[in-house]
Structure formats: structure tokens, C-alpha cells
Amino acid sequence: MASSQSTLSPLFSTPPATSLQKAPTTSSDEESAYIDWDNLGFQLMQTDYMYVTKCSDDGIFRQGQLNRYGNIQLSPSAGVLNYGQGLFEGTKAYRREDGRVFLFRPEQNAIRMQIGAERMCMPSPSTDQFVEAVKQTALANKRWIPPFGKGALYIRPLLIGSGPILGFAPAPEYTFLVYACPVGNYFKQGTGPLNLYVEEDVHRASRGGAGGVKSITNYAPVLKAMKNAKEHGYSDVLYVDAVNKKYIEEVSSCNIFLVKGNVLSTPIAKGTILEGITRKSIIDIALDLGYTVEERLIEVDELFSADEVFCTGTAVGVAPVGSITYKGQRIEYKISSDQSCKQFYSRLVGIQRGVIKDERNWIVEIE
């Protein structure tokens, strides 16, 4: 790998790795044995390496390199700090029983970042650059990938306006950075059912905004609603549309589905809803299993008649919903082993683990 240390090293507080082949030099299963894989949870754990590359006003990202995981330095006038010009993605690396490591549909994350970058007036890495960066990050942190069935290595690609700017305009320089962290279940209750609260006053997105892309600006505005809900015992918040306040949209960090008989329904993604990779996958799986799938406007009142409700996302996987509270009324859903969402999840995990044949080339093996 060509070195670009003279360009990149000022960004970091730790020295860069010179090549992928030399990183990490101390990787072994024994070294990671101190991690309690059975109680991993979803919290930040510093790993060994991160990947970084930059581009300037030509819009072309250079060949990147691996650097030791560490803090980055930014100008106080960086575009991302002043005007929120940033995107992030999330994907996972999984270890199978035979020890081989796989990614799940990383090219879809690359395409989604490109769509988001266009919306935010940012250049973006090509699909090949993105996938290669994710692969290198996973390989360099291979010892942090949990054992089979114990979790996954969550990989977080970032695209930020790192160049300094004072007036309101696109940044003059951009950084694409990828880091990783081993994770277990996203919610504290593990795989238990979620208890959601329907928020009517705080809105996650509005028409014409950036709700349909994974912009960093989408998340902080809902922290207050999430905090209030969790203080009252709820797992998360379900948001409604900002115009009519009667159509459900998504939960704070995941998509939502309703099941009624043999029909699977999910809010249509028209600019205010993020098109999740897991969402797309569950739709395809449901069609394979003979379900009718509807992407449409869903009124809040339909929650009362649904047979089951569940959420999907890279971080949460497929999470059943046990109850939803709306206007002071608690709607409860029966949780059973034959739920549709458990069938979908079982098939999804089966494909990821290689137990079920991958008919759509969703799985990418890391060489």
C-alpha cells in the first residue's frame, strides 16, 4: 500500500501503520480472551486500527491507510463542527464456526453514503474504495471480532467536512474514516421485546429535510425525546410525520414493521425515512417466505389492530416490540416463538452464518 503519511499524519495523535500486512502485529485469539463475550453489550471499546483517507477540492479520495486508533485533530472552523457536514454508516463483520469472517451487503452502505453525500454537497468514496476500506478495517481488527454466535464487529465509516471554513459553504477538504468496535445486543434488555412510546411533539425529520440520508444532523435533535422516554421506562421512541402527525415513520435508530395476517407493512421511504440495509433484506426475505409486502403510509391507529410489530437495523438486528404507548393507551403484542419476525430473523442469521444458501450474493468474505 502506498504511504501518504506526510498528508495524513497531522490528523492523528498516534503513529500510522505502514501497511495492512503488518497490522496488527500482535493479533491472536489468546490476547482477546479477557473480553467477556457473553456480556458484550453495545458500548464503545477501543480496538487497534482505523482507516483514513482524504480528498480536497478535486473530489477524488486518495489511497487510504491504516492508522492506530486514536484521537483526531480538527480545526475549530472545520465544516463538520460548524455546519454539521457529515455522514456515517454502520455495518458488521461476522465470524462463522469455521473461523472465516464475512461482511453483510457492504456495497449497499457505500451506495447509501454516496446518496447522502450528494444530498449534503460532499464528495464520496467509490463503492470499491468504501468496501475495501471496510475490509481492511475488519482485517486489522480481526482479533476483536467476537467468536461465532457471540456478537459481531460493528464497523463505523465516517465522511466529514474536515476542511476549515468560516462562511456557510461546503468544506474545502473531506476525510473518510473507518473504525470498529465489538458489539453484542443493542438494547439493554438484550433480545427481549421493546416497549416504545409514540412521540407527537418532537419530530425526527420533515419533508425536504435530510431524514432520508444518514446525516449526523438527524440524531442529536431526538436525544431529548429518547432521554425522556427512557426515564419513564420505555426502550425507545416511535416518531410520527411532522405534517399530519398521524403516520408512523421510524424509531430513533431503526425502521419499523407491522404484521397483519400474511401482510407485512412498513412506512414508505420518501425522504423522511432512512432506507435501512436490514429493512431491505427483511423485505426480500418476507417475499421469499410468501408474505405480501406493502411500503405505504401507515396511520398510528393501525398499531391497535396489528398482530405484531418489530424493528430492524444494523445495530438492533430484528427486535420484536412488546408494547407501544400512544396517547396514554398501552397496546400490547403477544410474543411467541412462531412470530413472523422471528422467522425473518432466523433466515437472516442463517444466511449470514452460511447455514442458508446466499441466493442474492449478500455475503462478502474477507480474504
Exercise for review: Please assess Met50 against Asn141 for the test side-chain contact (heavy atoms from CB on, under 4.5 Å), listing each intermediate value before the final yes or no.
Suggested key: CA-CA 9 Å; Met50 58 187 183; Asn141 295 291; over 6 Å; no
Check your understanding: Passes side-chain contact (heavy atoms from CB on, under 4.5 Å), Glu365 versus Val101? Steps please.
Key -> CA-CA 6 Å; Glu365 184 172 5; Val101 177; over 6 Å; no
Exercise for review: Might you work through the side-chain contact (heavy atoms from CB on, under 4.5 Å) test for Leu177 and Ile160, ending with a clear yes or no?
Suggested key: CA-CA 8 Å; Leu177 187 151; Ile160 61 173; over 6 Å; no
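- The structure places OG1 of Thr91 at 10.5 Å from CZ of Arg105, a figure rounded to the nearest 0.5 Å.
- In terms of heavy-atom proximity, Glu199 sits nearest to Val202 at OE2-N, 3.1 Å.
- The shortest side-chain heavy-atom distance between Ser124 and Leu159 falls under the 4.5 Å cut-off.
- Using a 4.0 Å cut-off between charged side-chain N and carboxylate O, Glu302 and Arg296 make a salt bridge.
- Under the 4.0 Å criterion applied to side-chain N and carboxylate O atoms, Arg100 and Asp98 are assigned as salt-bridge partners.
- Residues passing the side chain to side chain donor-acceptor pair (under 3.5 Å) test with Asp358, sequence neighbours excluded: none.
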Exercise for review: Tell me, with the steps shown, if Asp128 and Lys135 meet salt bridge (charged side-chain N to carboxylate O under 4.0 Å, His left out).
Suggested key: CA-CA 10 Å; Asp128 288 344; Lys135 284 183 177 181; over 6 Å; no
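- Ile165 approaches Pro172 most closely through the heavy-atom pair CB-CD, 4.2 Å.
- Taking the six-membered ring where tryptophan is involved, the planes of Phe42 and Tyr154 are perpendicular, since the angle between them exceeds 60° and thus also 30°.
- A 6.0 Å sphere centred on CZ of Phe304 holds more than 12 heavy atoms belonging to other residues, nucleotides or ligands.
- A donor-acceptor pair shorter than 3.5 Å can be found between the side chains of Ser336 and Asp338.
- Checking side-chain atoms of Thr272 against main-chain N and O of Ala205 turns up no donor-acceptor pair under 3.5 Å.
- Hydrophobic cluster membership for Tyr247: Ile268, Leu297 (Ile, Leu, Val, Met, Phe, Trp, Tyr linked by side-chain heavy atoms under 4.5 Å, directly or transitively).
- If you chain together ILVMFWY residues whose side-chain heavy atoms come under 4.5 Å of each other, Tyr291 ends up grouped with Tyr94, Phe102, Phe104, Phe257, Val259, Leu264, Ile282, Ile283, Ile285, Leu287, Leu289, Val293, Phe310, Val318, Phe344, Tyr345, Leu348, Val349, Ile351, Ile356, Trp362, Ile363.
- Between Thr312 and Thr278, the side chains place no donor N or O within less than 3.5 Å of an acceptor N or O (distance only, hydrogens not considered).
- In the hydrophobic clustering, Leu166 connects to no other residue, as no ILVMFWY side-chain heavy atoms lie under 4.5 Å from its own.
- Among pairs with a residue in residues 168-180, those fulfilling salt bridge (Lys or Arg N to Asp or Glu O under 4.0 Å) read Lys54-Glu173, at least two apart in sequence or across chains.
- Heavy atoms only, all atoms of each residue included: Cys254 and Val316 are closest at CB-CG2, 3.9 Å.
- At a threshold of 4.5 Å between non-hydrogen side-chain atoms, the residues Cys311 and Leu194 count as touching.
- Counting heavy atoms from C-beta outward, Lys92 and Val183 have side chains that approach closer than 4.5 Å.
- A donor-acceptor pair under 3.5 Å links the side-chain atoms of Ser281 to the main chain of Ile277, judged by distance alone.
- Residues Asp284 and Arg347 are not paired through a salt bridge, judged by the lack of any N-O separation under 4.0 Å between the basic side chain and the carboxylate.
- Remark: side-chain polar atoms of Glu308 are paired, donor with acceptor, to backbone N or O of Ser340 under 3.5 angstrom.
- Closest heavy-atom contact between Asn244 and Arg207: ND2-NH2, 4.0 Å.
- Looking at Glu294 and Ser265, their side chains do bring a donor and an acceptor atom within 3.5 Å of each other.
- Taking 4.5 Å as the limit, some side-chain heavy atom of Tyr186 sits within range of a side-chain heavy atom of Ser253.
- Residues satisfying the side chain to side chain donor-acceptor pair (under 3.5 Å) criterion with Lys357, sequence neighbours excluded, are absent altogether.
- With hydrogens and angles ignored, the 3.5 Å screen pairs a side-chain donor or acceptor of His203 with a backbone N or O of Val240.
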Show me the donor-acceptor pairs within less than 3.5 Å that the side chains of residues 110-117 make with the rest of the protein, sequence neighbours left out.
residue	atom	partner	partner atom	Å
Arg112	NE	Glu89	OE1	3.2
Arg112	NE	Glu89	OE2	2.9
Arg112	NH1	Glu275	O	3.1
Arg112	NH2	Glu89	OE1	2.7
Gln114	NE2	Pro125	O	3.3
Gln114	NE2	Thr127	OG1	3.1

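- Residue Leu303 comes nearest to Val198 through the heavy atom pair CD1-CG2, 4.3 Å, listed as atom of the first residue, atom of the second, then distance.
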Check your understanding: Going through the distances and angles, do Asp48 and Arg143 end up as a salt bridge (charged side-chain N to carboxylate O under 4.0 Å, His left out)?
Key -> CA-CA 9 Å; Asp48 297 324; Arg143 72 189 183 104; 2.8 Å; yes
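- No side-chain N or O of Ser252 forms a donor-acceptor pair with one of Arg204 less than 3.5 Å apart.
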Exercise for review: Give the intermediate values and the outcome of side-chain contact (heavy atoms from CB on, under 4.5 Å) for residues Met122 and Leu87.
Suggested key: CA-CA 9 Å; Met122 306 168 72; Leu87 298 163; 4.3 Å; yes
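- Note: Phe130 and Tyr51 fail the aromatic proximity criterion, with ring centroids not under 6.0 Å apart.
- The stretch residues 313-337 participates, sequence neighbours left out, in these salt bridge (Lys or Arg N to Asp or Glu O under 4.0 Å) pairs: Glu200-Lys327, Arg330-Glu332.
- Side-chain contact check for Ile72 versus Leu74: some heavy-atom pair is nearer than 4.5 Å.
- One finds the OG1 atom of Thr137 at 14.5 Å from the NZ atom of Lys142 (value rounded to the nearest 0.5 Å).
- The minimum heavy-atom distance linking Ala138 with Ile155 is given by the pair CB-CD1, 3.9 Å.
- Linking Ile, Leu, Val, Met, Phe, Trp and Tyr residues whenever their side-chain heavy atoms come within less than 4.5 Å places Phe176 and Met120 in a single cluster.
- The residues Asp241 and Lys246 are annotated as not salt-bridged, no charged nitrogen and carboxylate oxygen being separated by less than 4.0 angstrom.
- Placement of Val300 and Tyr239 in two distinct hydrophobic clusters is found when ILVMFWY residues are connected by side-chain heavy-atom separations under 4.5 Å, directly or transitively.
- The structure places CD1 of Ile256 at 8.0 Å from CD1 of Ile298, a figure rounded to the nearest 0.5 Å.
- Between the side chains of Tyr174 and Gln85, a donor-acceptor pair is found at a separation under 3.5 Å.
- Sequence neighbours left out, not one pair with a member in residues 175-187 passes salt bridge (Lys or Arg N to Asp or Glu O under 4.0 Å).
- Under the side chain to side chain donor-acceptor pair (under 3.5 Å) criterion, Glu299 pairs with no residue at all, not counting sequence neighbours.
- Members clustered with Tyr234: Tyr197, by chain and number, using a 4.5 Å side-chain heavy-atom cutoff among hydrophobic residues.
- A donor-acceptor pair shorter than 3.5 Å can be found between the side chains of Gln65 and Asn67.
- With sequence neighbours excluded, no residue satisfies side chain to side chain donor-acceptor pair (under 3.5 Å) with Glu118.
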